[in-house]
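Please read the structure below before turning to the comments.
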2 protein chains.
Amino acid sequence: MATDRRAGTGTNQEAVRRHNLGTLLRHVHRAEQVSRAELTSVMGLNRSTIAGLVGELESLGVIERGVPAGGRRGAGRPSAGVALTDQGPYVIAVDLGVDRVSVARIGLGGTVQQRNRAPIEGVAEAWQVGSSVATLIRGVVEDAPASAPLVGIGISVPGLIRRSDGLVRLAPNLEWHDVSFGSIVLAALGLDVPISLANDADLGALAEHERGVGVGVDDLIYVSGNVGVGAGVISAGRRLEGAGGYAGEVGHLRFNPAGKPCHCGNRGCWETEVGAHAIAAAIRCPEDKVPQLGEVLDSFTEPTKELRVIGGHLGSGLASIVNAFNPQMVVLGGYFRALYTLVGAEVNRGLAERALPAPLESVTLSLPGLADDSVLFGAAEIAFEPLFVDPVAALGTALVDVRSRLAG
Amino acid sequence: MATDRRAGTGTNQEAVRRHNLGTLLRHVHRAEQVSRAELTSVMGLNRSTIAGLVGELESLGVIERGVPAGGRRGAGRPSAGVALTDQGPYVIAVDLGVDRVSVARIGLGGTVQQRNRAPIEGVAEAWQVGSSVATLIRGVVEDAPASAPLVGIGISVPGLIRRSDGLVRLAPNLEWHDVSFGSIVLAALGLDVPISLANDADLGALAEHERGVGVGVDDLIYVSGNVGVGAGVISAGRRLEGAGGYAGEVGHLRFNPAGKPCHCGNRGCWETEVGAHAIAAAIRCPEDKVPQLGEVLDSFTEPTKELRVIGGHLGSGLASIVNAFNPQMVVLGGYFRALYTLVGAEVNRGLAERALPAPLESVTLSLPGLADDSVLFGAAEIAFEPLFVDPVAALGTALVDVRSRLAG
DNA sequence: GCCTTTCGTTCATCCGAACAACCAAATCCC
DNA sequence: GGGATTTGGTTGTTCGGATGAACGAAAGGC
């Protein structure tokens, strides 16, 4: 079972049921459409046990019988499909970007049921952004079935989030310090639901691991190029968080001690070479378009000499990451996606030059499989998480008829 | 239960028993002397369940009733102690150092029952080292009780070890490439027992986490200064291995692109500034004493100017590690222990200058709690590991009467 | 159209954790 | 010092839930 941070605990029998129920639901969530036969083989449990678990989840209204999913071809009775219900649980995913905020209502299976977005004008106060987010949330729950339970809200923030309580320690672009953004959003909504915050790169990694290019890859790193540079690390299939939750801050790795000054107070951080401002300067992109650096880069058909150099720096810095974490896959998110499309050769070369042979041979660089929605899906995943740890408890505390509650 | 790499599995009832039996034994192993009452509270199981588990382990000959361990003071019947038996299972731990190899017979609880060491002369062939290790092993099992089962052999290697099969991909000091050292040792012994190999820094981290300064610290990094520089990472209480098992290779982090050439083919790796050869050059230590750099540094009473600079570099590099992994504790092993004792102030300053405030505030630098034996104890831990995953199975396959088998 | 294969369903079984009752061994307190 | 109290080991029972066998259902293969 999923030993969380607290290890050394014994397993009692309720925990077994919780765990099995949760992992079964997790499998359905991942595959969206599974057969019971697949579940028995994947989970290593008996047919009748699976039947019991499926029955319980059916009575909870989470799943229903699906079409006899044509997974296997051959003789034998086809296995009954397990499908997600329309009125099933959903979450609210919030992606706080640099210049815009995206909100989506996402159901089990990762289906976006409704989405909405709004720009963020310049540097905004937390309460302003919070009320904007609240408005967007009201929008996306409008058409939600009244009986469908809201499991929680997941918020991606481009900054350092304290693991213990979700406090935003630092969000450089937003100029936030120690902001309890979760409480702000809940206050603006007038609701009390489970709310989780996490770093954008961490969520990108999670989403790409769950439903992107990294499915089946248990050691992957999502390197996010936003205005800042950060990384989310999945190791052995779980998120690498670190003691405070700040793991993966690779933007300030020492890159060139004789380099440019960085806003962190040092000189020659990696970010000063491959950060958005550095790239913008190299391609003479006006400052106000920096938040849309990805699109700006997309408009290039040929890489410039400056971009090639930056590509090499990107690869060279990735080499440090590959050496340190030994991932099987590195997903290049944010504007790195566009950059890699342009100067992939230089990135690969920079990586190959500096990485050690052993970790190098098992790593591949990839583009995100979820395009620009990685982070949003990641936010949905952390919000769903309690449901997979204990479905019965999570559904018990979930909120029904959210629309009318929000109206009041 | 301890989900290994394979996630998504259901829990059946045998697994529950295995897990509970294993974690109970792990607790006894960690504490050496626990009361049953402590076990009930730590493991969250019922008194009678603990009694059943303890009974089973007693009948396996692993533990026995101990003195009524005086943990709690106050009213009430004192809880019976659970102690380890003399004839209980043991492992062989091997620490392959730069210039010497240490071998120990270690029992549950981490008690060194017998130990032995031999020098390694210059660059040695793997088979030579293998037969030397085999001889040392024969030595340390000499006085082992005939009925005590040998669970396995754990070997620490200063190099890159492939996780899947324990192949030594690269051991720079020994000049080994792709050496199946485990098979070599087993062949030299004429035995077939479970054998595990791992990187020395990884094992240092494990040992300091289990029984050193890092007890209770779930996110720690052991930075090992041997001839090369490497790190072992414990995150959320488990070893960070990476896809191939090479995670933590921080010696070749990019430190100063204009720096000295490194044996890895690049320029300015961190190792070129804080590696043994760099330090030896700075203090004019003769080349042949480099393997004993720790003792050489211990003989200093005052730090030289050169050492202060190196201390700063050490701290500066640690900052990258702290940013990337966000550990709660960094343990400075190998000659870094002596170096930190000399120039701790400079190390701290270098770290504080370059690390981000958030990860910095929760990290502390420490000296190893197990002195020079961290790695050796780590080797014991990985050898014991199967015993805590499934005690019954591990004892079933364990080897009894090893001495006479080795004689034949 | 029958055999084979695979799977859902049902029921009995079994394993092991939990619970309750009882007894044992210490401290506390008058 | 002796009962009250508190804590914990022991024992027998209960109960939850995974398992296994038996049977029927739904497909493909010939």
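What you see is a predicted model; the values in this text were computed from it and never measured.
- We find that CD1 of B/I50 is positioned 17 Å from C1' of D/dT11, with the value rounded to whole Å.
- Distance from the side chain of B/R47 is smallest to C/dA21 among C/dA18, C/dA21, C/dT6.
- A sub-4.0 Å separation between OP1 or OP2 of C/dG8 and a side-chain N or O of A/R65 is absent.
- Within the 4.0 Å cut-off from OP1 or OP2 of C/dC7, not a single side-chain nitrogen or oxygen of A/S79 is found.
- B/Q13 places its CD atom 14 Å from the P atom of C/dA18, with the value rounded to the nearest Å.
- Per the geometry, CG belonging to B/L21 stands 9 Å off P belonging to C/dA17, to the nearest Å.
- Heavy atoms from other residues, nucleotides or ligands lying under 6.0 Å from CG of B/D192 number 12 at most.
- Separating the CG atom of A/L39 from the P atom of C/dT6 is a distance of 18 Å, rounded to the nearest angstrom.
- Rounding to whole angstrom units, CG of residue A/L45 and P of D/dG20 are separated by 11 Å.
- Between the P atom of C/dC15 and the CG atom of A/N46 lies a distance of 15 Å, rounded to the nearest Å.
- Nucleotide C/dA17 holds its C1' atom 14 Å from the CG atom of B/L24, rounded to whole Å.
- Heavy-atom distances to DNA chain D give each of B/R36 and B/A75 a nearest nucleotide, and the one nearer the 5′ end belongs to B/A75.
- At the phosphate of C/dA17, neither OP1 nor OP2 sits under 4.0 Å from any side-chain N or O atom of A/N12.
- B/R17 has its CZ atom 17 Å from the P atom of D/dA18, to the nearest Å.
- Checked by distance alone, A/S48 brings a side-chain donor or acceptor within 3.5 Å of a matching partner on the base of D/dG20.
- Judged purely by atom type and a 3.5 angstrom limit, B/E381 has no side-chain atom pairing as donor or acceptor with the backbone of B/L203.
- Contact between A/I234 and A/R239 at its shortest, heavy atoms only, is CD1-CG, 3.9 Å.
- Residues A/F384 and A/I106 come closest through the heavy atom pair CZ-O, 3.5 Å.
- B/N20 has no side-chain polar atom (N or O) that falls below the 4.0 Å cut-off from OP1 or OP2 of C/dG16.
- The shortest non-hydrogen separation linking B/L220 to B/P327 is CA-CB, 4.3 Å.
- Considering only the side chain of B/R77, C/dA24 comes nearest among C/dA17, D/dA26, C/dA24.
- The side chain of A/V16 sits closest to D/dA18 out of C/dT9, D/dA18, C/dA26.
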